[in-house]
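Quick notes on the structure that follows.
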Amino acid sequence: MFRRIRERKERARAAQRRAALETEASEVGARADTVGSLADLLADPAGLWNEAGPECPIIAKRGEEILFVFKGVSLLELRTQKRTYRGTSHGLSIRVAKGVYYRPGMHAGSITETAETWKPMDVGGDMVVTNQRVVYAGSRYSREFPFAKLLSWGLTLESNALASPHYLVTLPVSIRVRTSAVAFPSSLDDETREVLVSVIQCGISLYNGTHGDFIERLRSDAADLRSQARELRNQLTFLS
């Protein structure tokens with residue numbers, strides 16, 4: 001009886017491992033296909049933007065190529081909350097008149113600054129990626145992030161700035177004191193997120209003259225992912 005129970009548990013665990021491996025192999029294979037397709041697409045950036053499609057919200061500069069336009073995004077800025085002052089004093093109180101006291105002594109105080117927070121500035125705008133810059137174009141505000149002045153960039157998940165969690169593309173530039181970010185809904189699927197990251201990297205590589213290296217890296221990543229997917233499928237055959 002106990003042996004049969006153990007055997008059923010082992011079969012159940014094996015089935016769970018197979019299901020987990022199948023899911024992982026499928027996800028890795030799908031990502032490999034996405035990265036490989038992006039490498040093919042971004043290899044010829046001049047053909048990315050269809051000028052016959054929706055109107056581009058910016059006027060391209062001389063030599064500037066529009067790579068991609070992301071619609072329905074928001075603009076945020078990093079702000080420091082209002083500073084507060086807290087002081088203390090000590091010493092004897094000396095009565096100088098009825099209801100009037102003089103209190104000589106020591107006084108000390110300090111200024112406290114709270115943590116920086118993201119402040120929404122505009123919603124429903126467009127983010128344009130070119131071979132020279134990233135531009136946010138909205139109804140209230142616009143921001144330009146030239147690659148020549150870009151200090152760094154990143155993609156993070158922010159849960160407090162807006163009513164729902166959003167992915168923030170942070171783009172600090174040396175010409176602006178405050179850091180701005182472009183917000184995308186957290187409902188972005190993995191493929192769209194991959195496109196977003198790769199298009200920005202493509203624009204930066206075109207500006208820096210490293211576009212060929214960037215495409216080779218994408219192709220190498222796709223090959224590594226395909227190898228991982230094959231290895232996971234091989235593990236499945238041993239579990240069968």
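Keep in mind it's a predicted model, so treat the numbers as computed, not measured.
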Indicate, with yes or no, if Leu157 and Leu171 share a hydrophobic cluster defined by side-chain heavy-atom contacts under 4.5 Å among Ile, Leu, Val, Met, Phe, Trp and Tyr. yes
Hydrophobic cluster identity match, Ile175 and Val169, side-chain contacts under 4.5 Å: yes
Looking only at atom types and distance, does a side-chain atom of [X] sit under 3.5 Å from a main-chain N or O of [Y], one as donor and one as acceptor?
X: Arg31; Y: Asp190; result: no
X: Asn131; Y: Gly203; result: no
X: Ser220; Y: Arg217; result: no
X: Thr210; Y: Asp213; result: no
X: His211; Y: Ile204; result: no
X: Ser26; Y: Glu22; result: no

Should [X] and [Y] count as an ion pair when the cut-off is N to O under 4.0 Å?
X: Arg140; Y: Asp122; value: no
X: Glu77; Y: Lys119; value: no
X: Arg17; Y: Glu24; value: no

If I take atom [atom1] from residue [X] and atom [atom2] from residue [Y], how far apart are they, to the nearest 0.5 angstrom?
X: Phe147; Y: Ile200; atom1: CZ; atom2: CD1; value: 7.5 Å
X: Ser180; Y: Met121; atom1: OG; atom2: CE; value: 7.5 Å
X: Glu194; Y: Leu38; atom1: CD; atom2: CG; value: 6.5 Å
X: Arg193; Y: Thr34; atom1: CZ; atom2: OG1; value: 11.0 Å
X: Asp33; Y: Arg226; atom1: CG; atom2: CZ; value: 6.5 Å

In this structure, is the centre-to-centre distance between the rings of Phe70 and Phe184 below 6.0 Å? yes
Ignoring hydrogens and angles, state whether a donor on the side chain of Asp189 or Thr192 is under 3.5 Å from an acceptor on the partner side chain. yes
Between the side chains of Thr130 and Glu64, does any donor sit under 3.5 Å from an acceptor? yes
Would you say that Pro146 contacts Tyr207 through its side chain, given a criterion of any heavy-atom pair below 4.5 Å between the two side chains? no
Answer yes or no on whether Arg219 is positioned over the face of Phe214, meaning its NZ or CZ is under 6.0 Å from the six-membered ring centre and within 45° of the axis. no
